[in-house]
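Naming: A, B, ... by sequence-line order, numbering from 1 per chain. Owing to the predicted nature of the structure, the values given are computational and were not obtained by experimental measurement.
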Number of protein chains: 2
Amino acid sequence: MRLSQKQKELIEKIGIYFEQGMQPAAARILALLIVSDKDSFSFDEIREILTLSKSATSNGLSFLSSVNKIEYYTKPGDRKRYFKWSPSNTINHFKEGIEKILGLSNLFDEAIKLKKDKDSFNSQQLVDLSDLMSFLHKEMPIIYNKWESQRTQH
Amino acid sequence: MRLSQKQKELIEKIGIYFEQGMQPAAARILALLIVSDKDSFSFDEIREILTLSKSATSNGLSFLSSVNKIEYYTKPGDRKRYFKWSPSNTINHFKEGIEKILGLSNLFDEAIKLKKDKDSFNSQQLVDLSDLMSFLHKEMPIIYNKWESQRTQH
DNA sequence: CTTTTGGTTCTGCAACTATAGAACCAAAAG
DNA sequence: CTTTTGGTTCTATAGTTGCAGAACCAAAAG
C-alpha cells in the first residue's frame with residue numbers, strides 16, 4: 001500500500017486541522033483513514049505508512065477510539081484489528097463542536113449577571129454576543145433539517 | 001479595584017475556553033476585560049489583579065492586540081495605555097471561526113477528488129460531511145441577517 | 001543632563017508533551 | 001509446554017511552552 005504524493009500532502013494538511021485537540025500522530029492517523037482509498041488499515045500498515053513507532057501508533061489509535069473518531073473490526077481467523085474512520089460519529093462531533101458554543105454563551109450570561117452597569121457599552125456588547133450565540137444554537141437544528149431534506153431530494 | 005470571588009471564578013472558566021488558541025495568561029487577560037465592571041485597565045492593574053509578571057502581561061497584551069481581540073486608548077497627559085476588550089471584533093472573530101470550517105471542507109473536497117472509488121462508503125460519507133459543512137457555511141449569512149432583523153425589532 | 005515611568009525584550013528554567021525503543025503480556029499457533 | 005503474533009505499557013528523552021526576573025530602552029519629568 002503506497003500513497004501518492006498528493007495524498008501524503010493532504011494527510012499533512014488535514015492533520016494540521018486536527019492537531020488542535022489531539023497529538024500530531026493521532027491527527028495523521030485520522031487523516032490517513034479519511035484520505036486513503038482503502039477503508040481500513042491494520043496496526044502495522046498504519047505504523048509503516050506513517051513511519052510511527054509502535055507506541056505512538058498504539059497511543060494514537062486508542063485516543064481516537066476513546067473519542068469515537070474511529071472504530072475497528074476483526075476478521076474471522078485473523079488476530080489483527082482493522083481500523084477505520086467512523087464518519088457518522090464525525091458528523092456528530094461536528095455538531096457537538098457547534099454545541100460547545102452554547103457553553104461559552106452560558107458563561108457570558110453569567111458574566112452579564114455580575115455586571116453592575118448593565119447598560120455600559122461592554123455589557124451591551126456582551127449581551128449581543130451571547131444572544132447571537134444562543135440564537136445560532138437554536139437555529140442549528142433547523143439548518144440540519146433543511147440540509148437533510150434538500151439532500152434527500154436529489 | 002478588587003474582583004468578587006464569582007468574577008474570579010468566571011475569569012478562570014472563560015479563560016479555559018479561550019486557552020485553545022492562546023496562552024493561559026493571555027486568555028485570562030481577555031476574560032478579565034470581558035467580565036469586569038470596569039471597561040478598561042492599565043498595564044499595571046492587569047498585572048496586579050491577575051498577579052502576572054511584567055513579561056507575561058506584556059506578551060499577553062501584545063498577542064491579544066495582534067489578533068485584534070483588544071485595543072487600547074490613551075488619556076491626554078497620561079503615559080499609560082488603557083486596554084479594553086474589542087467586542088465588535090469578537091463578533092467578527094466568531095464569524096471567522098465559522099469560516100474556518102470552510103477550509104476543512106475544501107480539504108475534504110480535495111480528498112474526494114483523489115479517491116479512486118467515489119462510491120465507497122467512506123467516499124460517500126466524506127461527500128456528505130463536506131456538503132454539510134459548505135451548506136452550513138452558505139447558510140450563515142442568512143442566519144446573521146435573521147438575527148439582525150429580529151434583534152432590531154425589540 | 002539625570003531620574004522616573006511605562007513598558008519591551010532577553011535569559012534561564014520548570015513543567016509538560018509527544019515520541020522512540022524496550023520490556024512486557026495475553027492469546028493463538030505449533 | 002514453547003514460540004509467535006499483535007499489540008500495550010513503561011522508561012527515557014528531545015523538544016516545546018509559558019512564565020518569572022532582570023536587563024534594557026525610549027519618552028517624559030525634573
Hey, are the side chains of [X] and [Y] touching, using non-hydrogen atoms and a 4.5 Å cut-off?
X: His93(B); Y: Lys69(B); answer: yes
X: Arg81(B); Y: Leu61(B); answer: no
X: Trp85(B); Y: Leu126(A); answer: yes

Interatomic distance, [X] [atom1] vs [N] [atom2] [rounded to whole Å]:
X: Arg47(B); N: dG7(C); atom1: CZ; atom2: P; value: 12 Å
X: Phe63(A); N: dT17(C); atom1: CZ; atom2: P; value: 13 Å
X: Leu50(A); N: dA20(C); atom1: CG; atom2: C1'; value: 15 Å
X: Leu61(A); N: dG7(D); atom1: CG; atom2: P; value: 9 Å
X: Lys54(B); N: dC10(C); atom1: NZ; atom2: P; value: 15 Å
X: Glu45(A); N: dT5(D); atom1: CD; atom2: C1'; value: 15 Å
X: Asp44(A); N: dT8(D); atom1: CG; atom2: P; value: 11 Å
X: Asn59(A); N: dA20(C); atom1: CG; atom2: C1'; value: 11 Å

Examine dT8(D): is either OP1 or OP2 under 4.0 Å from a nitrogen or oxygen in the side chain of Arg81(A)? Give yes or no.
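It does, given that an N or O in the side chain of Arg81(A) lies less than 4.0 Å from OP1 or OP2 of dT8(D).
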Rounded to the nearest 0.5 Å, how far apart are [atom1] of [X] and [atom2] of [Y]?
X: Asp119(A); Y: Gln124(A); atom1: CG; atom2: CD; result: 5.5 Å
X: Leu132(B); Y: Phe108(B); atom1: CG; atom2: CZ; result: 11.0 Å
X: Glu139(A); Y: Glu139(B); atom1: CD; atom2: CD; result: 9.5 Å

Name the pairing partner of [N], where a pair is Watson-Crick or G-U wobble with both distances under 3.5 Å, or state none.
N: dC19(D); result: dG12(C)
N: dA14(D); result: dT17(C)
N: dA23(C); result: dT8(D)
N: dC1(C); result: dG30(D)

Contact class for Lys80(B) (heavy atom, under 4.0 Å): base, sugar-phosphate, or nothing?
sugar-phosphate
Please check if atom NZ in Lys118(A) has more than 12 non-hydrogen atoms from other residues, nucleotides or ligands closer than 6.0 Å.
yes
Can a donor-acceptor pair under 3.5 Å be found between the side-chain atoms of Ser55(B) and the base atoms of dG21(D)?
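Looking at the base of dG21(D), it does pair with a donor or acceptor on the side chain of Ser55(B) (distance under 3.5 Å).
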Most 5' of Thr51(A) and Gly77(A) on DNA chain C, judged by nearest nucleotide:
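The residue whose closest nucleotide sits nearer the 5' end is Thr51(A).
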Hey, which of these two, Ala56(A) or Ser62(B), hits DNA chain C nearer its 5' end, going by closest nucleotide?
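Taking each residue's closest nucleotide, the earlier one in sequence belongs to Ser62(B).
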Looking at the side chain of Arg79(B), which of dT8(C), dA26(D), dT19(C) is the nearest nucleotide?
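Selected nucleotide (nearest to the side chain): dA26(D).
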Would you call Arg151(B)-Glu148(B) a salt bridge at under 4.0 Å N-O?
yes
DNA chain C contacts made by residues 8-25 of chain B, counting heavy atoms under 4.0 Å
none
